[in-house]
Number of protein chains: 2
Amino acid sequence: MAVKERIRVGGRSARIQAAVHDAVRELSAEIDRAELTVPLIAARAGVTPSTIYRRWGDLSELLGDVAVERLRPVAEPLDTGSTAGDLEAWVVQYMEEMSSAVGRAMLRDVLINISEGNACQCANFTYEQLQMIADRAAHRGEVPFDVDDLVDRVIGPIMYHVLFGHGELTPDYCRMLLARVPELKGGADVQSARGEAS
Amino acid sequence: MAVKERIRVGGRSARIQAAVHDAVRELSAEIDRAELTVPLIAARAGVTPSTIYRRWGDLSELLGDVAVERLRPVAEPLDTGSTAGDLEAWVVQYMEEMSSAVGRAMLRDVLINISEGNACQCANFTYEQLQMIADRAAHRGEVPFDVDDLVDRVIGPIMYHVLFGHGELTPDYCRMLLARVPELKGGADVQSARGEAS
DNA sequence: GCCTTAACGCAAAGAATTTGCGTTAAGGCC
DNA sequence: GGCCTTAACGCAAATTCTTTGCGTTAAGGC
């Protein structure tokens with residue numbers, strides 16, 4: 001079935017879900033988080049509050065649902081020609097997205113519902129993107145990096161600083177972390193892992 | 001029921017805060033998180049709901065407040081005689097506390113209020129504990145590790161796995177991360193940083 | 001085109017949150 | 001020590017949010 005622009009033609013259910021998601025995105029940009037309520041979202045979306053309560057349970061689950069969608073990657077990682085370049089571009093953009101105000105808000109919404117697999121799903125997005133870069137490296141004949149290892153060395157520290165607000169987050173910091181990945185040490189003239197930030 | 005031994009003698013305010021905190025801790029252990037409401041906590045603490053609303057604003061801020069107190073270290077890091085031993089003991093315990101159900105719940109409560117400095121305060125607890133171990137290392141004449149570097153290499157990855165639910169969390173994993181800290185490579189027969197988990 | 005059923009709208013009931021106002025007690029001052 | 005000022009609390013009414021029963025709509029199968 002041909003997918004139209006915004007409103008999914010087939011199904012009242014899908015149409016309402018899209019309207020509610022849109023309402024959340026619009027209102028999130030307009031008003032403060034504490035002011036956001038289910039009745040307000042329902043009014044903007046043109047549905048009754050009970051529809052939202054029955055479908056999502058409560059506000060936090062709805063916000064988590066919307067946040068996962070917004071954190072879903074929209075494209076493949078940029079191909080810069082080299083694995084080091086691909087990783088640097090991707091990681092710096094990841095850092096900037098996550099450390100922005102809207103990024104932090106979405107992370108919070110995703111982490112609120114522990115029972116839901118929201119956070120795990122977002123981690124999967126990251127793994128998939130990094131795996132694409134690793135696969136591309138293998139295709140080029142370069143030695144591919146281990147995705148789990150890169151998450152430990154680069155993604156984990158970045159996310160820690162984003163969530164717990166410690167330390168500076170700069171592209172240089174990202175490069176310093178990337179310089180510690182063993183598979184990337186062959187080509188460039190990166191310093192040893194005794195890296196110093198800024 | 002709510003026996004009040006630990007009442008802070010000076011001040012109604014402090015007494016009420018202690019009663020409310022106790023009520024939150026008791027109820028958190030008894031009922032599910034979704035069932036926890038301000039009126040319920042107020043009844044257990046023997047205060048009126050409006051007192052809690054005026055003092056903490058809403059439930060999430062109260063829970064964050066309580067969670068920070070519960071995440072505050074109660075003692076200095078265990079002194080095992082060596083820096084490597086101190087770090088291994090501390091990090092493994094940190095991992096076990098944070099990855100437990102109650103630990104995850106407290107982390108969630110702490111991360112919910114971005115505007116509050118709760119998360120930053122918890123990160124400070126970690127820094128202070130690690131700095132104590134580093135100072136002890138210097139006192140022994142060992143080369144002290146850099147706390148920021150250890151947070152990047154060990155704490156960040158652990159917290160990522162705790163929050164985003166990816167990968168296994170075992171003492172061996174903690175040791176593998178610790179083996180990557182350059183200052184700890186001198187004494188032990190640890191592998192190089194090409195570390196592989198279990 | 002008809003049938004079954006999941007999902008929605010509406011409205012009333014129930015629960016939580018906010019707010020005005022009187023009261024209590026902590027801390028400063030004499 | 002007693003008095004005074006004021007921040008914090010208790011109470012209850014008003015408001016807002018959440019839940020729920022029931023009738024209605026429309027998606028998907030035949």
Side-chain angles (χ1 to χ4, degrees), chain A residues 1-24 26-28 30-66 69 108-109 112-113 115-116, chain B residues 1-2 4 6-24 26-28 30-66 69 108-109 112-113 115-116:
Chain A
M1 183 169 297
V3 178
K4 283 290 181 64
E5 293 113 307
R6 295 291 165 85
I7 312 226
R8 331 255 171 103
V9 294
R12 177 173 63 168
S13 235
R15 189 165 55 247
I16 282 179
Q17 164 164 340
V20 170
H21 276 220
D22 286 345
V24 169
E26 289 175 23
L27 288 169
S28 294
E30 294 172 17
I31 66 177
D32 189 67
R33 209 135 202 101
E35 321 284 328
L36 207 58
T37 66
V38 170
L40 196 61
I41 295 166
R44 177 67 67 101
V47 302
T48 61
S50 63
T51 294
I52 292 180
Y53 286 116
R54 271 196 246 258
R55 187 148 169 182
W56 280 279
D58 62 6
L59 178 60
S60 73
E61 282 189 44
L62 169 58
L63 295 181
D65 195 32
V66 174
E69 288 310 307
R108 193 199 66 167
D109 292 339
I112 283 184
N113 295 96
S115 56
E116 303 288 324
Chain B
M1 306 312 173
K4 295 136 190 138
R6 324 176 36 199
I7 305 179
R8 325 255 174 105
V9 290
R12 177 174 61 168
S13 236
R15 189 165 54 248
I16 282 179
Q17 164 164 339
V20 170
H21 276 220
D22 286 346
V24 169
E26 289 175 22
L27 288 170
S28 294
E30 296 172 16
I31 65 177
D32 189 66
R33 209 135 202 101
E35 321 285 327
L36 207 58
T37 66
V38 170
L40 197 61
I41 294 167
R44 176 68 67 103
V47 301
T48 61
S50 63
T51 294
I52 292 179
Y53 286 117
R54 273 196 245 259
R55 189 147 168 182
W56 281 277
D58 63 5
L59 179 60
S60 73
E61 283 190 43
L62 169 58
L63 295 181
D65 196 31
V66 173
E69 288 310 306
R108 193 199 63 168
D109 292 339
I112 284 184
N113 295 96
S115 56
E116 305 287 324

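Note that this is a predicted model, so its numbers are computed, not measured.
Per the geometry, CG belonging to B:L40 stands 16 Å off C1' belonging to C:dG14, to the nearest Å. Atom CZ in A:R15 sits about 10 Å away from atom C1' in D:dA27, given to the nearest Å. Protein atom CD of A:E35 is 11 Å distant from nucleotide atom P of D:dC17, rounded to whole Å. In this entry the distance linking CG of B:D58 with C1' of D:dC17 reads 14 Å, nearest Å. Separating the CD atom of A:Q17 from the P atom of C:dA7 is a distance of 12 Å, rounded to the nearest angstrom. Atom pair A:I16:CD1 and D:dT24:C1' shows a separation of 13 Å (rounding to whole Å applied). Put simply, CD1 on B:I52 is 15 Å from C1' on D:dC11, counting in whole angstrom units. Note: CZ (B:R12) to P (D:dA8) measures 10 Å, nearest angstrom.
Close to C:dG9, at under 4.0 Å from its OP1 or OP2, lies no side-chain N or O of A:S50. For C:dC8, one of the phosphate oxygens OP1 or OP2 lies less than 4.0 angstrom from a side-chain nitrogen or oxygen of A:S13. For D:dC9, the OP1/OP2 oxygens have no side-chain nitrogen or oxygen of B:T48 closer than 4.0 Å. Phosphate proximity of C:dC8 to A:T51: absent, as no side-chain N or O sits under 4.0 Å from OP1 or OP2.
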Task: Watson-Crick and G-U pairing of DNA chain D, under 3.5 Å, as dot-bracket with | and [ ] - done: ||||||||||||||||||||||||||||||
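With hydrogens and angles left out, the side chain of B:R54 and the base of C:dG20 share a donor-acceptor pair within 3.5 Å.
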Listing, residues 33-43 of chain A side-chain donor-acceptor contacts under 3.5 Å, not counting sequence neighbours, or none:
| from | atom 1 | to | atom 2 | distance (Å) |
| --- | --- | --- | --- | --- |
| A:R33 | NH2 | A:D109 | OD2 | 2.2 |
| A:T37 | OG1 | A:L40 | N | 3.2 |

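For residues 51-66 of chain A, the set of pairs meeting the salt bridge (charged side-chain N to carboxylate O under 4.0 Å, His left out) definition, not counting sequence neighbours, is empty.
A:R55 comes within 4.0 angstrom of sugar-phosphate atoms only, judged by non-hydrogen atoms across all strands, and of no base.
To the nearest 0.5 Å, atom NE2 of residue B:H21 and atom CD of residue B:E69 are 6.5 Å apart.
Not counting sequence neighbours, the partners of B:T48 by the side-chain contact (heavy atoms from CB on, under 4.5 Å) test are B:S50, B:T51.
When each of B:G46 and A:G57 is assigned the nucleotide of DNA chain D with its nearest heavy atom, B:G46 is the one assigned upstream, toward the 5' end.
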